[in-house]
Amino acid sequence: MLATLPEAPPVPEQLPTSATELADRVQDLIGQARGTGDPRYLGYAERLFQRWPESPLNDRLLVLRATLYQSLHRFEQAREDLAVVLERSRNRQHRIQARLTLANLETVQGRYPEAAHQCRQLTRQYPGLIAASCSAQVTARTGEPEAAYRALETLLADADSESPTARLWAEGTLGDIAAQLGWTVAEKHWQQVLSASPSDLYTRAQLADWHLQKGNHREVLALTEGHERVDSLAVIRAIAMLRSHHPDQDTLIRQLRERFSEAQWRGALLHQRDYARFLLDVEARPGQALEQARDNWRSQREPLDTRLLLRAAQAAGNPDTLAILRQWLKHHGQTDARYPEDAS
């Protein structure tokens, strides 16, 4: 996708010979995209779907395609595939995966009543730490973060029989909620996840960003070293370098500038939040940052998206956007409590 990225293995010309083989290959490509931060793997997976002659897709393939669409920020298409699975599937595992994916999608878009409904359904079908983490995240986002944290913390302490995956899911959720509350224990939770899963780029970025806000530039550089090709981590690293006057800052900033420029030229700018943050915190271009952050916020309303738009609107002196954001936060029982200094 980008000239600054390394060569990625091409998708074999030969199509899979069965739906199972296709699903295995797509799942592997999605995993490669998540583990490396290279969005071209998503493109390879999409091309496999486009070339697959069989129709309609089975339930597993629909869940995978929905996951792919969500990663490509095609949220309505993802929602449509998941709705089909939930309506027709008799396979418990497929229904659970579809429900969890839909809950996550609704949460990412800030559709909290819909997300809460999916979490409740998940709890009925698959009670345990994953369902509890789903509900805790929504509860935290809608005005009761401390209660959500305490409830999930208690469940995790008592859940000896849960799988390692479920326990890590809960640890990551506790880290996110603790960060929202401004509690330093967030670092401990995220470190637990990274110790078990160093390739978890989302958690790595969360922890690096936490240290960045605290001015711990040495920790930021350690966490992001070797991950310069991952947009979110590279931007965080560039900000830390800039703020600490690192001698290599110009090299990384130039690489990011070229990477984002080429992505725009190709019409393939997938990580709009990262580009907006680069414009705001590295390039000091608040007007353009506001434009990108506002466009990103139309479809993604995670706390980091909202916080970034708040900061861009403040820097650009745009009171109308600030008023809209604060009204939205108030409607959902939120304050931007994660980093209150940015929401003044």
Side-chain angles (χ1 to χ4, degrees), residues 99-100 103-124 126-197 200-214 216 219 223 300-308 310 328-343:
R99 187 77 68 186
L100 183 59
N104 182 60
L105 187 154
E106 303 290 19
T107 303
V108 165
Q109 292 205 285
R111 292 161 50 98
Y112 297 120
E114 293 84 352
H117 171 73
Q118 298 303 329
C119 293
R120 286 193 297 270
Q121 293 296 318
L122 189 64
T123 300
R124 294 190 187 101
Y126 189 50
L129 276 179
I130 290 179
S133 297
C134 179
S135 295
Q137 188 175 58
V138 176
T139 300
R141 299 275 179 89
T142 52
E144 298 181 75
E146 187 166 351
Y149 180 91
R150 297 302 183 198
L152 184 58
E153 181 187 38
T154 299
L155 281 175
L156 178 58
D158 296 338
D160 294 335
S161 62
E162 289 274 2
S163 69
T165 298
R167 295 183 66 83
L168 287 177
W169 196 299
E171 288 282 5
T173 303
L174 286 169
D176 291 350
I177 298 173
Q180 180 182 337
L181 288 160
W183 293 353
T184 57
V185 73
E187 180 181 352
K188 179 180 77 73
H189 291 300
W190 287 327
Q191 285 286 12
Q192 290 268 29
V193 176
L194 282 182
S195 295
S197 182
D200 187 331
L201 299 180
Y202 170 81
T203 299
R204 185 173 293 276
Q206 292 288 85
L207 182 54
D209 197 23
W210 170 264
H211 281 301
L212 182 66
Q213 303 309 317
K214 303 300 181 186
N216 302 331
E219 286 83 354
L223 281 163
Q300 292 201 126
R301 298 189 176 184
E302 291 273 65
L304 290 178
D305 300 299
T306 302
R307 171 179 161 255
L308 177 61
L310 276 167
W328 186 84
L329 288 165
K330 182 180 179 181
H331 176 73
H332 291 288
Q334 295 184 61
T335 58
D336 195 7
R338 176 166 176 182
Y339 303 119
E341 70 273 14
D342 293 330

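Since this is a predicted model, take the numbers as computed values, not measurements.
- Residues Tyr126 and Leu100 are not in side-chain contact: their nearest non-hydrogen atoms beyond the backbone lie 4.5 Å or more apart.
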Inset, instruction - Let me see the working for Thr203 and Leu168 under side-chain contact (heavy atoms from CB on, under 4.5 Å), right down to the final yes or no. - result: CA-CA 11 Å; Thr203 299; Leu168 287 177; over 6 Å; no
Inset, instruction - Start with the C-alpha distance between Gln180 and Asp176, add both sets of side-chain angles, then the distance that settles side chain to side chain donor-acceptor pair (under 3.5 Å), and finish with yes or no. - result: CA-CA 6 Å; Gln180 180 182 337; Asp176 291 350; over 6 Å; no
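- When all heavy atoms of Ala115 and Val138 are compared, the pair lying nearest together is CB-CG2, 3.8 Å.
- Summarising the geometry, atom CD belonging to Gln121 is positioned 4.5 Å from atom CZ belonging to Arg124; distances are rounded to the nearest 0.5 Å.
- Taking 4.5 Å as the limit, every side-chain heavy atom of Glu162 sits out of range of all side-chain heavy atoms of Trp169.
- Nearest heavy atom pair, residue Leu304 against residue Gln206, reads CD1-OE1, 3.2 Å.
- For the pair Leu212 and Asp209, the minimum side-chain heavy-atom distance is below 4.5 Å.
- Within the 4.5 Å cutoff, no side-chain heavy atoms of Arg301 are placed close to those of Arg111.
- Interatomic distance, CD1 of Ile130 versus OG of Ser135, reported as 12.5 Å (0.5 Å rounding).
- Side-chain atoms of Asp200 and Ser197 form no donor-acceptor pair, as typed in the model, at a separation below 3.5 Å.
- Proximity of Gln109 to Leu105: side-chain heavy atoms (C-beta onward) are separated by under 4.5 Å at one or more points.
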Legend entry - From CA spacing to verdict: side-chain contact (heavy atoms from CB on, under 4.5 Å), Trp183, Glu146: CA-CA 10 Å; Trp183 293 353; Glu146 187 166 351; 3.7 Å; yes
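- The minimum heavy-atom distance linking Thr107 with Arg141 is given by the pair CG2-NH1, 3.4 Å.
- Formation of a donor-acceptor pair under 3.5 Å by the Glu106 side chain with backbone atoms of Glu114 is not found in this model.
- Shown here for Leu156 and Glu171, the closest heavy-atom pair between the two residues is CD2-OE2, 3.6 Å.
- Smallest separation of non-hydrogen atoms from Ser133 and Ala170: OG-CA, 3.3 Å.
- Salt bridge absent: Arg150 and Glu144 never bring a charged side-chain N and a carboxylate O closer than 4.0 Å.
- The shortest heavy-atom contact between Trp328 and Gly110 is CZ2-O, 4.0 Å.
- With a 4.5 Å cut-off on side-chain heavy atoms, Leu194 and Leu223 count as touching.
- Counting heavy atoms from C-beta on, the side chains of Gln191 and Lys188 never come closer than 4.5 Å.
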